[in-house]
Amino acid sequence: MSYLAPSEFVTKMVDAGESKIFMSTRDTIIRAYMAGAILALAAWFAVTINVNTGQPLVGALLFPVGFVMLYLLGFDLLTGVFVLSPLALIDKRPGVTLGGVLRNWGLVFVGNFAGAFTVAFMMAFVTTFGFTQAPDKVGAAIGNIGEGRTLGYAAHGAAGMATLFLRGMLCNWMVSTGVVGAMISTSVPGKVIAMWMPILVFFYMVFEHSVVNMFLFPSGLLLGAKFSFMDYLIWNEIPTVLGNLVGGLAFTGMTLYATHVMTLPKRQAAKAAKPRVAA
């Protein structure tokens, strides 16, 4: 499936991070908006499957379709730019600054939230016939997710917060591996397979993804779930964002960069200095 060597696709990661930092505000927000909306649709799709079949594995198997679509279309998730943008700064690409990285993160966050919230409103409207009746089974299930993954963590205090943070780390370890998966092949089937596998793991294991949660929790609030917007921010979104940042950058971005890019000049120098053996 036209596999690229690690040294090749890690260089592509750095190049991608650089291009995202210099992308215009308009393009960054539009691409992030569409990514948030498509991932939200995929989450709604997966919850619907789980409710109708009673088989969470089926929903997890099919959820990655949204991730695949948005990355093949060139849209951006916060979890992806958490990994790619800092690599351009670490690699000392000309003109790349910490301010540029933070600007990229901020714009993508805003775009992702706007896109996910748009779909959240549509889902709430559809499942209640324009807010004229109680939500259907899918809407009720989404409301229960919001309560369980805010108040449920809060009930455990510091241990709950630590659990939430670690689930965020584990999530973006897998999701960022999916982001890299889009770069390790030059064929569409190869990209799809490489992206599908880690996204299946994250979703089935119920790890915490900041952008998916931008859909699930506002949806629950719109449907009258018994938790507050501050519960959502403090006991889910903020710790999840921080966990996603640390997990993706530490387990995926830096491990690949440190072992395949930082060592590349040393390998090239050693190869050049190696004496040739006469034939």
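Closest heavy-atom contact between F227 and F217: CZ-O, 3.5 Å. Of all heavy-atom pairs spanning S2 and S187, the tightest one is CB-N, 4.4 Å. The two residues G74 and R31 make their nearest non-hydrogen contact at O-CD, 3.6 Å.
Listed for the D136 side chain is a donor-acceptor partner under 3.5 Å among the backbone atoms of V138. Checked by atom type and distance alone, the side chain of N104 pairs as donor or acceptor with a backbone atom of K20 at under 3.5 Å.
Using modelled atom types, one finds a donor on one side chain and an acceptor on the other under 3.5 Å when comparing R103 with T25. If you check the side chains of H209 and T79, you find a donor sitting under 3.5 Å from an acceptor.
Separation of atoms CD (E237) and CD1 (I234) is listed at 12.5 Å; rounding is to 0.5 Å. Rounding to the nearest 0.5 Å places CG of L249 at 10.5 Å from OG of S85. Rounded to the nearest 0.5 angstrom, T255 OG1 and W173 CH2 are separated by 9.0 Å. Rounded to the nearest 0.5 angstrom, F165 CZ and L245 CG are separated by 8.0 Å. Once rounded to the nearest 0.5 Å, the distance linking CD1 of I145 with OG1 of T150 reads 11.5 Å. One distance of note links CG of N50 with CZ of F203; it measures 6.0 Å at 0.5 Å rounding.
Taking the side chain as every heavy atom from C-beta outward, L84 and M183 approach each other to under 4.5 Å. Here the side chains of F63 and I49 are not in contact, with every heavy-atom distance at 4.5 Å or above. Between L151 and W235, every side-chain heavy-atom pair lies at or beyond the 4.5 Å cut-off. You'll find the side chain of L164 reaches within 4.5 Å of the side chain of T240, heavy atoms only. Counting heavy atoms from C-beta on, the side chains of L77 and L70 come closer than 4.5 Å. Residues F45 and V65 meet the side-chain proximity criterion, which asks for heavy atoms closer than 4.5 Å. Between Y3 and E8, the closest side-chain pair of non-hydrogen atoms is not below 4.5 Å. Annotation: side chain of N244 is not in contact with side chain of L78 (no heavy-atom distance under 4.5 Å).
Between F82 and W105, the ring-plane angle classifies as perpendicular under the 30° and 60° cut-offs.
For CZ of F22, the number of neighbouring non-hydrogen atoms (other residues, nucleotides, ligands) closer than 6.0 Å is greater than 12. At most 12 heavy atoms of other shown residues, nucleotides or ligands fall within 6.0 angstrom of atom CE in M122.
By the 4.0 Å N-to-carboxylate-O rule, K226 lies too far from E147 to be salt-bridged with it.
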Using the rule given for ring-ring contact (aromatic ring centres under 6.0 Å, His included), can you reason through F121 versus F117, listing the C-alpha separation, both sets of side-chain angles and the distance that settles it, and then say yes or no?
CA-CA 6 Å; F121 176 80; F117 186 80; 7.3 Å; no
Output, in order, the C-alpha distance, side-chain angles, deciding distance and verdict of side-chain hydrogen bond (donor to acceptor under 3.5 Å, both in side chains) for R149 and Y232.
CA-CA 9 Å; R149 286 162 58 181; Y232 158 59; over 6 Å; no
Go through I90 and M254 one step at a time and tell me if the side-chain contact (heavy atoms from CB on, under 4.5 Å) criterion holds.
CA-CA 9 Å; I90 294 166; M254 285 308 303; 3.3 Å; yes
side-chain hydrogen bond (donor to acceptor under 3.5 Å, both in side chains) between S210 and N213: does it pass, once the steps are laid out?
CA-CA 5 Å; S210 54; N213 292 354; over 6 Å; no
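Less than 6.0 angstrom separates the ring centroid of Y71 from the ring centroid of F67. The six-membered or imidazole ring of F202 lies away from that of F207, with a centre-to-centre distance of 6.0 Å or more.
Side-chain contacts under 4.5 Å among hydrophobic residues (ILVMFWY), followed directly or transitively, place I29 together with L107. Hydrophobic cluster membership of L57, counting Ile, Leu, Val, Met, Phe, Trp and Tyr whose side-chain heavy atoms lie under 4.5 Å apart directly or via other members: L61, L200, Y204.
With sequence neighbours excluded, no residue forms a side-chain hydrogen bond (donor to acceptor under 3.5 Å, both in side chains) with S219.
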